[in-house]
Amino acid sequence: MKHLLKLMDWSAGEIIETLDLADKLKKEKKAGVPHHILAGKTLGMIFSKSSTRTRVSFEVGMYDLGGSALFLSSHDLQIGRGEPVQDTARVLSRFLDGIMIRTFEQAEVEALAEYGSIPIINGLTDYCHPCQVLADLMTVREHRGSLAGNKLCFVGDGNNMANSLIVGGIKTGMKVAIACPSTHKPDAALMKWAAENGDFTCTESVLDAAADADVLYTDVWASMGQEGEAEERKRAFAGYQVNDAVMAVAKPDAMVLHCLPAHRGEEITAEVFEAHAGDIFDEAENRLHAQKAVLVRCLGE
Ligand code: CP
Ligand code: NVA
């Protein structure tokens, strides 16, 4: 059974095949060609955190593929009142053809896969955001023609986005440079793997990381669940911003990506955001096409 629990579980070949399928589904959608590959299938979408892009891309994606999607807030499910994930997994496996879950602990996603008998897709945890990174890779390839050899620089918190970008970037042959404070580095095991398997650096210097970058990427300083640390994080991340000075050391035609939602004036200036809105909203749109490709791979096989 094919799950997407984290990008590390997928080979480079599977990632590229998924991007190829996403490109095909995007072309068909633009041309009005129907592709009801998942007719009659139902996806359950469990959310313990807010979402705009993930919810809408998966829900519209299932309709486009001829299936249906159920929005399941964890606050309304019995899981929110303490029903064990092991039982939830076994019950939902009797009703559904797949589950997409957004939650805090990666272990909860892994437990759904262990106890359930249907494909599980990770729609973001504190550890990683694989679906977003597939859309990001799709967008880089679409804009720059290739992935291998391009330098991806991530500026900011060594969070779920940084972790998945490291894996997705290194697996597809990109050079990955992270700029973050020493107190907020990405996952240590992932950084070790990246250094052993590709061109990877992690530095406190934003300008060193951004030098000659093809793609600049940033994300919020305080992720969902960290709202209480917002003030402390503003101090820790001051200077970790994608702004004109950072753009000046990147390649002249560098792209700027942001998973969104964005906090203008914090991790990115309003000027850089608006100058690269074309890249950023193509990236957001590609959530739909990339998530459909993930759905076909996981629920269609
Ligand atoms: N980028 C992303 O996952 O957006 P949402 O939080 O709106 O789903
Ligand atoms: N790091 C952010 C990503 C949102 C898509 C968060 O976890 O809130």
Side-chain angles (χ1 to χ4, degrees), residues 4-7 22 43-62 69 71-74 99-106 108-109 121-140 154-168 178-181 184-187 190 215-230 232-234 236-237 240-242 256-264 266-268 273 276-277 279-295:
L4 178 53
L5 308 180
K6 55 188 190 300
L7 223 39
L43 178 77
M45 308 188 300
I46 303 177
F47 283 93
S48 301
K49 292 174 174 172
S50 303
S51 174
T52 297
R53 282 144 288 268
T54 304
R55 176 184 175 176
V56 177
S57 59
F58 273 98
E59 194 161 332
V60 172
M62 279 305 287
F71 174 75
L72 304 167
S73 163
S74 68
I99 294 174
M100 188 278 291
I101 176 167
R102 165 167 290 195
T103 189
F104 295 87
E105 297 288 330
Q106 180 70 16
E108 188 179 350
V109 178
I121 298 168
N122 183 337
L124 179 147
T125 60
D126 292 345
Y127 175 65
C128 64
H129 197 359
C131 290
Q132 175 70 50
V133 168
L134 289 170
D136 300 338
L137 295 173
M138 177 183 180
T139 311
V140 172
F154 177 88
V155 177
D157 189 13
N159 62 11
N160 43 12
M161 281 312 316
N163 285 339
S164 285
L165 285 166
I166 290 171
V167 178
I178 306 284
C180 63
H184 294 82
K185 287 186 178 176
D187 181 78
L190 285 184
V215 185
L216 286 155
Y217 201 116
T218 189
D219 183 18
V220 291
W221 291 342
S223 286
M224 290 181 278
Q226 298 172 335
E227 290 79 4
E229 300 169 21
E232 174 197 329
R233 283 174 165 272
K234 273 185 193 164
F237 290 105
Y240 288 87
Q241 183 187 64
V242 176
V256 175
L257 296 180
H258 193 309
C259 54
L260 302 174
H263 290 190
R264 292 165 177 77
E266 293 187 10
E267 75 276 2
I268 190 166
F273 185 96
H276 293 274
D279 301 336
I280 294 167
F281 292 106
D282 277 356
E283 175 191 17
E285 176 191 329
N286 283 341
R287 290 297 303 277
L288 173 64
H289 312 299
Q291 269 51 132
K292 284 165 68 178
V294 169
L295 286 165

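Both counts, for ligands and for their atoms, begin at 1 and track the order of listing.
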Subject >> No-hydrogen, no-angle side-chain donor-acceptor test under 3.5 Å, His289 and Glu285 >> reply: yes

Subject >> Per-atom contacts, ligand 1 versus Cys259 - under 4.0 Å to a heavy atom >> reply: 1 (N)

Original post:
If you measure every N/O of Met224 against every N/O of ligand 1, is any gap under 3.5 Å?
Top reply: no

Subject >> Ligand-residue contact atoms, ligand 1 with Gln132, heavy atoms, under 4.0 Å >> reply: 1 (N), 2 (C), 3 (O)

**OP:** Give the C-alpha distance, both sets of side-chain angles, the deciding distance and a yes or no for side chain to side chain contact (heavy atoms under 4.5 Å, CB included) between Glu267 and His258.
**Re:** CA-CA 10 Å; Glu267 75 276 2; His258 193 309; 2.7 Å; yes

Original post:
Any idea which protein heavy atom is nearest atom 5 (C) of ligand 2, and the distance to it?
Top reply: Leu260 O, 3.6 Å

**OP:** Do me a favour and list the nearest non-hydrogen protein atom to atom 7 (O) of ligand 1 with residue, atom name and distance?
**Re:** Thr52 N, 2.6 Å

Original post:
Hey, does His129 come in under 3.5 Å of ligand 2, counting only N/O atoms on both sides?
Top reply: no

Subject >> Protein heavy-atom partner closest to atom 8 (O) of ligand 2 - residue, atom, separation in Å >> reply: Met224 N, 2.8 Å

Original post:
So among Gln106, Arg102, Lys6, which one has a side chain to side chain donor-acceptor pair (under 3.5 Å) with Asn122?
Top reply: Gln106

**OP:** Using a 4.5 Å cut-off on heavy atoms from C-beta on, say whether the side chain of Tyr127 contacts that of Leu190.
**Re:** yes

Subject >> Side-chain donor/acceptor of Gln291 to backbone N/O of Thr54, under 3.5 Å >> reply: no

**OP:** Check Asp126 against ligand 2 and report side chain, backbone, both or neither, counting heavy atoms closer than 4.0 Å.
**Re:** neither

**OP:** Out of Glu283, His129, Arg53, indicate the one that has the non-hydrogen atom closest to atom 3 (O) of ligand 1.
**Re:** His129

Original post:
Which residue holds the protein heavy atom closest to atom 2 (C) of ligand 1, what is that atom called, and what is the gap in Å?
Top reply: Arg287 NH1, 3.2 Å

Subject >> Thr125 side chain reached by Glu105 side chain, heavy atoms, under 4.5 Å >> reply: no

Original post:
So, does Leu124 sit close enough to ligand 1 that a heavy atom of it is under 4.0 Å from the ligand?
Top reply: no

**OP:** Mark up the atoms of ligand 2 that fall under 4.0 Å of a heavy atom belonging to Asn160, in ascending order.
**Re:** 1 (N), 2 (C), 6 (C), 7 (O)

Subject >> Heavy-atom nearest option to atom 1 (N) of ligand 2, drawn from Thr52, Asn163, Asp219, Leu124 >> reply: Asp219

Original post:
Do side-chain atoms of Trp221 reach the backbone of Tyr240 as a donor and acceptor pair under 3.5 angstrom?
Top reply: yes

Subject >> For ligand 2, the portion of Asp157 having any non-hydrogen atom under 4.0 Å away >> reply: neither

Original post:
Can you list the atoms of ligand 1 that are under 4.0 Å from a heavy atom of Leu260?
Top reply: 1 (N), 2 (C), 4 (O)

Original post:
Is the backbone N or O of Thr103 less than 3.5 Å from a side-chain atom of Ser48, with the two atoms forming a donor-acceptor pair by type?
Top reply: no

Original post:
Does Asp187 offer a backbone N or O that forms a donor-acceptor pair with the side chain of Asn163 under 3.5 Å?
Top reply: yes

Subject >> ligand 1 N/O within reach of Pro261 N/O, cut-off under 3.5 Å >> reply: no

Original post:
Nearest protein heavy atom to atom 6 (O) of ligand 1, by residue and atom, and its distance?
Top reply: Arg102 NH1, 2.8 Å

**OP:** Assess whether side chain to side chain contact (heavy atoms under 4.5 Å, CB included) is satisfied between Ile268 and His276, documenting all intermediate values.
**Re:** CA-CA 11 Å; Ile268 190 166; His276 293 274; over 6 Å; no

Original post:
Looking at Phe237 versus His184, is the centre-to-centre ring distance below 6.0 Å?
Top reply: yes

Original post:
Can you list the ligand 2 atoms lying under 4.0 Å from a non-hydrogen atom of Asn159?
Top reply: 1 (N)

